[in-house]
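The shown structure was predicted, so the numbers you read here are calculated from the model rather than taken from an experiment. We name chains A, B, ... by the order of the sequence lines, and we start the count at 1 in each one.
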Amino acid sequence: MDVSPILDGLNDAQREAVTAASQNMLVLAGAGSGKTRVLVHRIASLVEHEGVSPYAILAVTFTNKAAGEMRTRVEQLLDMPAGQLWIGTFHGLAHRLLRTHWRDADLPQGFQILDSEDQLRMLKRVMRALDLDDDKWPPKPLQWFINARKDEGKRPQSFGQVRDPVLQTQLKVWTAYEAACQRAGVVDFAELLLRTFELFRDRPDILDHYRRRFSHVLVDEFQDTNAIQYDWIRLLAGGGAGVFIVGDDDQSIYGWRGARVGNILRLGKDFPDLQTVRLEQNYRSTGMILGAANALIEHNSERLGKNLWTDIGEGEPVRVFTAFNEREEASFVIDRIREWSAQGGARRECAILYRSNAQSRVFEEALMAAAMPYRVYGGLRFFERLEIKDALAYLRLTENRHDDPSFERVVNLPTRGIGAKTIEDLRAAARERDISLWQASSRLRDERRLTARASAALEAFHDLVERLAAEVTGLPLHEQVDAVIRGSGLIAHYEKEKGERGEARIENLEELVSAARGYDVEPGSDMEPLASFLAHAALEAGEAQGSAWEDCVQLMTLHSAKGLEFPLVFLCGLEDGLFPHQRSLLAAATPRETPGGMKLGQRVAHARFGEGVVLNFEGAGEHARVEVNFHDGGTKWLVIAYAKLEPLR
DNA sequence: GAATGCGAAGGCAGG
DNA sequence: CTTCGCATTC
């Protein structure tokens, strides 16, 4: 038998996948069946056994965590650093390509990345400029619309002549938003992927270069790919590279952001010699848990079919506890964890899972009251904090003066006498002349179109940014950050904020300096440290709490728990409308309103039936009816005119 | 015109 | 808990 550690300890199916000679492989890997293991060992086997250069391997994952883990494990297995190997998220790799080909992709060299908050601000600004009433056109759905279309690989031009007035407006906003981004030299997350895709599509020479370079393309969590990501892979691997696709048709959790399980089904058409291997042995869960999971999965549509089994044993049955309210739920969970610890179990082996981060609050309070240490994953992450984003905005301006979102964020922070009126004038001028806010403020000042006060304040701001930029040139990264948070006046500004809030903000700013000190430029990148750090901040928002590894109960969303293992797991808040989430129940994805002014998913109260959720409606005028799912009494159709439903928040 | 303080409203998941 | 829109004060 083979003594290579690369094949050691793999079961038959895993070994078949790892060593398959077939160029194109699809590995259908059930939960807990050793998916990451197979990917890592496949890479190691290509390098070690088949003499493939790491330089010719591209591995794509969805989360930074998965990418990091994969790189670490490959390096352990090969016992050498694998800097040449391209492992990363779709967004990370796209970013890397655009940094190399910025000119070909029609971007400025110092282009920066907008996170979703930046994107929303930018969108609001554009909508104000178009004079759109934001009651009638809520910005969030528009943001969602734009991102969803971009994830489908579309541009506003793809729609041609449009008659639908709603779509017309959406496209108008989108077009203006794209122009504003291009002017400011910023790209949102979806743009990273779309630009790279278009680069490949429109520049055969560049595509050809990468096709020749990458002889092997590996993709993790393939069931979560959306249309643009699929096309990306298809283009890159279309030149004859071998694809190694790992996915689970039963585990798609990102349908809401355009992921298409159908992509797995499509693979067979685009890669005709595709060979399929199923990993069905689960190493994580007991028979009882698998039985429950299989019973649910059976109802999925579009399955390729898989039967998970385990030899761990039956284990204890899955228990369901119905709590009166969330406080009782929390105290039940805490009691069980107490019992677990009393029997010698560790607290870190207990996971409390919920659907949305907001649900952690009740548990945090209860855990705190019970003096039980815990750790929350997710939530507001480090690089998303208010004060951190302020500091990053200054840093971004030292790199790229035309970064309008950053300009708006800090032009009057700390307050220096530049108010809404002045900013509105700047926006108007920038729009008219198709220039950035930074340029607009110089022009308006030169033309003496501003009040003396605004003019002086803007000059002070310009001088400040120019001075900071000059000052930090050539300094080590963390000193650059330190100089900017102090020189900008942000530290002084937050010192004035009363109480613990201000202190916490200062601590976070200091923490940003530490983060910069510990930051290493991505291997193989020739970017300036600051530019690289700023991209890193946008692409990887960081953990909310990185604190000491005490023996803590683990709290996280289901999404962040994917791929992890815990002996004792609590699934909390399995409530109608919350889990599964309203959105996934009402997949009809365009929010409509009933004639009575109620929305689908709206919570309502009825005098006799109690509280419920609006599922559907039909008819118009006095005959209009709504279908309501009452919390205790099933669903009923009610005529709006008679039912006297009271809308709840 | 800008800064500050207040009340009201909305809140999902990751890059 | 936060961000926002608005009224009041500087």
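A/N64 comes within contact range of the sugar-phosphate backbone alone, with a heavy-atom separation under 4.0 Å but no base atom that close. Among the atoms of the strands shown, none is found under 4.0 Å from any heavy atom of A/L192. As judged by a 4.0 angstrom heavy-atom cut-off over every strand, A/A454 is placed among residues making no nucleic acid contact.
With C/dT3, B/dG14, B/dA2 as the candidates, the nucleotide lying closest to the side chain of A/L386 is C/dT3. Which of C/dC4, C/dT3, B/dG14 sits closest to the side chain of A/K124 comes down to C/dC4.
Toward the 5′ end of DNA chain B lies the nearest nucleotide of A/G417, the other residue of the pair A/F90 and A/G417 mapping further downstream.
Ring orientation note: the planes of A/F363 and A/Y354 are close to parallel, at an angle under 30° on the 30°/60° scale.
Listed pair A/K140 / B/dG10 fails the phosphate criterion, with no side-chain N or O lying under 4.0 Å from OP1 or OP2. Taking only side-chain nitrogens and oxygens, A/S116 never comes nearer than 4.0 Å to OP1 or OP2 of B/dG14. Between A/N147 and the phosphate of B/dG15, there is no side-chain N or O to OP1/OP2 separation shorter than 4.0 Å.
Seen from the ring of A/F407, A/R396 does not count as a face-on cation partner, given the 6.0 Å and 45° thresholds. For the pair A/R96 and A/W86, the cation sits on the ring face: its NZ or CZ lies under 6.0 Å from the ring centre, inside 45° of the axis.
If you measure from atom CG of A/L353 to atom C1' of B/dC12, you get 16 Å, rounded to the nearest angstrom.
Under the rule for a side-chain hydrogen bond (donor to acceptor under 3.5 Å, both in side chains), the partners of A/E69 that lie at least two apart in sequence or sit in another chain are A/R73.
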